[in-house]
A.B. asks: 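I am attaching a structure below and will ask some questions about it afterwards.
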Amino acid sequence: MQDIFVKDIAQYLGQEVRLKGWVRNIRSSGKLLFIIFRDGSAEIQAVAFKPEMGEQAFEEAKRLTLESSVILTGVPQKHQKKTGEYELSVSSVQVLQIAENYPISKKEHGPDFLLSHRHLWLRSTKQWALLRIRHTVYYAICEYLNDHGFFRFDSPILTPNACEGTTTLFELEYFDEGKAYLSQSGQLYLETGIMSLGRVYDFGPVFRAERSKTRKHLTEFWMMDAEAAYVEHTENMDIQENLIRHVIRTVLAKCDKELDILERDKSALQAADAPFKRMTHYEAVEHLRSKGSEIGHNDDLGAADETLITEGSQVPIFIEKWPKQIKAFYMKRDPDDDNLVLGSDLIAPEGFGEIIGGSQREDDYDQLLSRMQAENMDLEAYQWFLDLRKYGSVPHSGFGIGLERLITWMSGVHHIRETIPFPRMIYRIYP
RNA sequence: UCCGGAAUAGCUCAGCGGUAGAGCGGGUGGCUGUUAACCACUAGGUCGGGGGUUCGAAUCCCUCUUCCGGAGCCA
């Protein structure tokens, strides 16, 4: 007899097999018992029928409760009521453990309860689907980059200095060396990697101690940073667009069932796999003001603006060429306008907001130095970064994708906290 | 940090000045095709903490705590 996974059940019709997993739900009707069984790969209805399996085995099956661990032996058959589905006709039941009073019931729960039981909530169908989409998105990003000349280059997580502003760092004591910080982005370190490998990316957790409390924020999230030598602003956006479109196609191809479970509108994702729109920050502001926003020409887009800008657009929109005072010090100035930088944000459609921030980097030593001085940065701490502009500086660009933001969009889920196994938020660090 | 909202059974909620309720989950029993199965019975509560008003407070007021939603900031 063979041990198989539920996902492969169709290949074993009529043969006795063994399935190892858990009980998702159980329904009984006298001499009949319906066990909704899952094993990680998929789920299936197992039917225990007393006259066929005998009194003893049936009594064993009757002991089962929600989330009990069990090994079922039986024969896969076509589902008697649902075409295209299968069920297992159970012949024997080996109970590993009876789960008593599993806390998550079949009815609704509030977010506080579910988040406090996140270690168990992960087993629920919707969470199972989200974890699988997360896996697919992660894999698709790496696949695209690997196929386009990028090398994995791991940036450090413990760092001596900040990449973005200094108010949002998690701080810790580092032996006798003073303060160290958890990385907010591997970008500055990636810029060293391109001088060796040409094109590089990192993928790992980053940490931001921002006291933001919205459905788009986590204090610990996964970011993919990519950086490429001799790539300028426009090509940088081309790479991002092709990468995101590859992710959309991969998710649609591999996660059809998961998207159904999440009731994701797949046609919206299909429509997003088309050339992205591009507009300058100036054009975006003009457009927003015509729609009633009070945004100014030197302002960042607010949450409402992000939704408004993509209204009526099926594809993501790049907003490029930003006023330099609202963007980071390392972005390259626009040669056509000294007040602008060659940065771009990618805004997802359907109100999902910003998913990528990228830019061409300042490669001129003097320009970078004066910008850092203007922002009162600790030049000594960034000497290594300035060195890159002294020894073979080249035009280069890069971008960072927030993995969970991208998953939120792909899956259509309401809150980012469901897209990572254990979300870290301002008021929650358990479990 | 700021602005709103909420806290009652294990869970989701109703009750909004006069004897603490329902559904789900748990337990017991019934049912040969169930789909959050169903039916019957049953156990289960310092109404978030503290203070006040009142003959009487889950209910009105004050305060603290916790959580949720949103803003700013960001990916």
Side-chain angles (χ1 to χ4, degrees), chain A residues 24-36 43-53 58 62 65-67 77 79-82 85 87 89 99-117 120-121 124-126 163-165 167-168 184-187 203 205-225 240 299-307 326-328 343-348 352-358 399-409 414-417 419-420 425-428 430:
Chain A
R24 181 181 299 294
N25 192 13
I26 192 153
R27 292 182 282 267
S28 73
S29 175
K31 296 183 175 63
L32 267 171
L33 202 62
F34 299 95
I35 303 160
I36 310 306
E43 70 176 52
I44 189 171
Q45 173 167 278
V47 185
F49 186 37
K50 193 172 179 179
E52 279 177 15
M53 63 196 294
F58 189 74
K62 267 173 75 175
T65 57
L66 295 194
E67 290 306 320
Q77 300 178 336
H79 196 292
Q80 288 195 18
K81 282 192 161 177
K82 290 182 176 172
E85 288 191 24
E87 60 185 20
S89 182
E100 287 180 37
N101 296 331
Y102 183 66
I104 297 181
S105 72
K106 291 181 276 185
K107 277 257 181 164
E108 292 167 37
H109 294 284
D112 183 37
F113 178 84
L114 288 171
L115 287 164
S116 295
H117 293 81
L120 303 176
W121 186 23
S124 304
T125 308
K126 192 176 162 190
C163 175
E164 315 276 343
T167 54
T168 59
Q184 298 176 304
S185 161
Q187 182 208 311
F203 214 142
V206 293
F207 308 86
R208 301 203 179 166
E210 289 156 0
R211 301 186 81 85
S212 25
K213 209 176 138 315
T214 79
R215 81 178 86 129
K216 290 174 183 169
H217 284 87
L218 296 166
T219 57
E220 174 183 315
F221 66 96
W222 279 61
M223 185 146 77
M224 190 289 306
D225 289 294
Q240 295 170 47
D299 293 342
D300 207 345
L301 271 63
D305 293 322
E306 282 186 358
T307 304
I326 57 171
K327 285 291 178 188
S344 61
D345 283 358
L346 184 65
I347 314 292
F352 286 98
E354 184 180 349
I355 50 171
I356 301 185
F399 57 94
I401 299 179
L403 177 64
E404 289 79 13
R405 290 251 180 107
L406 184 54
I407 298 166
T408 304
W409 173 37
H414 176 71
H415 200 298
I416 198 166
R417 64 189 166 206
T419 63
I420 187 167
M425 291 171 297
I426 171 168
Y427 291 128
R428 188 178 293 277
Y430 179 91

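Just so it is clear: chains get the letters A, B, ... in the order the sequence lines come, proteins before strands, and each one is counted from 1. What you see below is based on every heavy atom in this structure, not just the backbone, and it leaves out hydrogens, waters and symmetry mates.
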A.B. asks: Within this structure, what is the CZ-CD distance for the pair A:Phe207 and A:Gln184, rounded to the nearest 0.5 Å?
C.D. replies: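 These two atoms lie 11.0 Å from each other.
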A.B. asks: Please classify the nucleic acid contact of A:Glu87 as base, sugar-phosphate, or nothing, using heavy-atom distances under 4.0 Å.
C.D. replies: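 Base contact.
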A.B. asks: Write down the partner of B:G17 under the Watson-Crick or G-U wobble criteria, each distance required to be under 3.5 Å.
C.D. replies: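 By the stated definition (distances under 3.5 Å), nothing pairs with B:G17.
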A.B. asks: Does A:Arg211 put a side-chain nitrogen or oxygen below 4.0 Å from OP1 or OP2 of B:U1?
C.D. replies: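 Yes, because at least one side-chain N or O of A:Arg211 sits under 4.0 Å from OP1 or OP2 of B:U1.
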A.B. asks: Has A:Phe221 got its ring stacked on the base of B:A75, with centres under 5.5 Å and planes less than 30° apart?
C.D. replies: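 It does: the two rings, one from A:Phe221 and one from B:A75, meet the stacking criterion.
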A.B. asks: Does A:Met425 reach the side chain of A:Leu218, with side-chain heavy atoms less than 4.5 Å apart?
C.D. replies: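 Heavy-atom side-chain distance check passes, below 4.5 Å.
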A.B. asks: Taking atom types as they are modelled, is there a donor-acceptor pair under 3.5 Å from the base of B:C73 to the side chain of A:Glu354?
C.D. replies: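 A donor-acceptor contact between them is absent.
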A.B. asks: Side chains of A:Gln240 and A:Ser344: does their closest heavy-atom pair fall under 4.5 Å?
C.D. replies: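 Yes. Closest side-chain heavy atoms under 4.5 Å.
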A.B. asks: Under 4.0 Å, heavy atoms only, any strand: does A:Ile401 hit a base, just the sugar-phosphate, or nothing?
C.D. replies: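 Result for A:Ile401 = nothing.
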A.B. asks: Is the base of B:C11 touched by the side chain of A:His109 through a donor-acceptor pair closer than 3.5 angstrom?
C.D. replies: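 Looking at the base of B:C11, it does not pair with any donor or acceptor on the side chain of A:His109 (distance under 3.5 Å).
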A.B. asks: When rounded to the nearest 0.5 angstrom, what is the spacing between CH2 in A:Trp121 and NE2 in A:His109?
C.D. replies: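 Taking CH2 in A:Trp121 and NE2 in A:His109, the distance rounds to 10.5 Å.
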A.B. asks: Regarding A:Asp345, tell me which of base, sugar-phosphate or nothing describes its non-hydrogen contacts under 4.0 Å with the strands shown.
C.D. replies: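 Counting heavy atoms under 4.0 Å across all strands, no contact is made by A:Asp345.
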A.B. asks: How long is the span from the NZ atom in A:Lys50 to the NZ atom in A:Lys62, to the nearest 0.5 Å?
C.D. replies: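 Atom-to-atom, A:Lys50:NZ and A:Lys62:NZ are 6.0 Å apart.
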A.B. asks: Determine the contact category for A:Gly353: base if any of its heavy atoms lies under 4.0 Å from a base atom, sugar-phosphate if only primed atoms, P, OP1 or OP2 are that close, otherwise nothing.
C.D. replies: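 No contact.
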A.B. asks: For A:Phe34, which contact category applies under a 4.0 Å heavy-atom criterion: base, sugar-phosphate, or nothing?
C.D. replies: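 A:Phe34: base contact, heavy atoms under 4.0 Å.
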A.B. asks: What is the nucleic acid contact for A:Glu85, judged by heavy atoms within less than 4.0 Å: base, sugar-phosphate only, or nothing?
C.D. replies: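 No contact.
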A.B. asks: Would you mind telling me which of B:A75, B:G72, B:G33 lies closest to the side-chain atoms of A:Ser212?
C.D. replies: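 The listed nucleotide nearest to A:Ser212's side chain is B:G72.
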A.B. asks: Can you check whether A:Met223 reaches A:Arg405 side chain to side chain, under 4.5 Å on heavy atoms?
C.D. replies: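 Contact flag for A:Met223/A:Arg405 side chains = no.
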A.B. asks: To the closest 0.5 Å, what do you measure between CD (A:Glu354) and CG (A:Asp345)?
C.D. replies: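 Going from CD on A:Glu354 over to CG on A:Asp345, the span is 4.0 Å.
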A.B. asks: Classify the side chain of A:Arg405 and the base of B:C74 as holding, or not holding, a donor-acceptor pair under 3.5 Å.
C.D. replies: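 Check passes, donor-acceptor contact within cut-off.
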A.B. asks: I'd like to know if A:Glu100 reaches the base of B:G27 with its side chain, counting only an N/O donor and acceptor under 3.5 Å.
C.D. replies: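 Per atom types, no contact qualifies.
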A.B. asks: Can you tell me the base-pairing partner of B:U53? Count Watson-Crick or G-U wobble geometry only, both distances below 3.5 Å, and say none if there is no partner.
C.D. replies: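 WC or wobble partner does not exist here.
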A.B. asks: With heavy atoms under 4.0 Å as the rule, sort A:Ile104 into base, sugar-phosphate or nothing.
C.D. replies: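 Touches nothing.
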A.B. asks: Send over the distance from A:Ile26 CD1 to B:C24 C1', rounded to a whole Å.
C.D. replies: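 Taking atom C1' of B:C24 as the reference, CD1 of A:Ile26 is at 17 Å.
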A.B. asks: Compare the minimum distances between each of B:G33, B:U32, B:G26 and the side chain of A:His79, then state the nucleotide with the smallest one.
C.D. replies: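 Between B:G33, B:U32, B:G26, the one nearest the side chain of A:His79 would be B:G33.
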A.B. asks: Taking atom P in both B:U19 and B:A57, what distance in whole Å separates the two?
C.D. replies: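 About 12 Å, rounded to a whole number of Å.
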A.B. asks: Distances under 3.5 Å only, N/O to N/O: pair up the protein atoms with those of nucleotides 67-70 of chain B.
C.D. replies:
residue	atom	partner	partner atom	Å
B:C67	OP1	A:Tyr427	O	3.2
B:G69	OP1	A:Arg417	NH1	3.0
B:G69	OP1	A:Arg417	NH2	3.0
B:G69	N7	A:Lys213	NZ	3.0
B:G70	OP1	A:Arg215	NE	2.5
B:G70	OP1	A:Arg215	NH2	2.3
B:G70	N7	A:Lys213	O	3.4

A.B. asks: Working to the nearest 0.5 Å, report the span between CD1 of A:Ile35 and CD1 of A:Ile26.
C.D. replies: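 The CD1 atom of A:Ile35 sits 5.0 Å away from the CD1 atom of A:Ile26.
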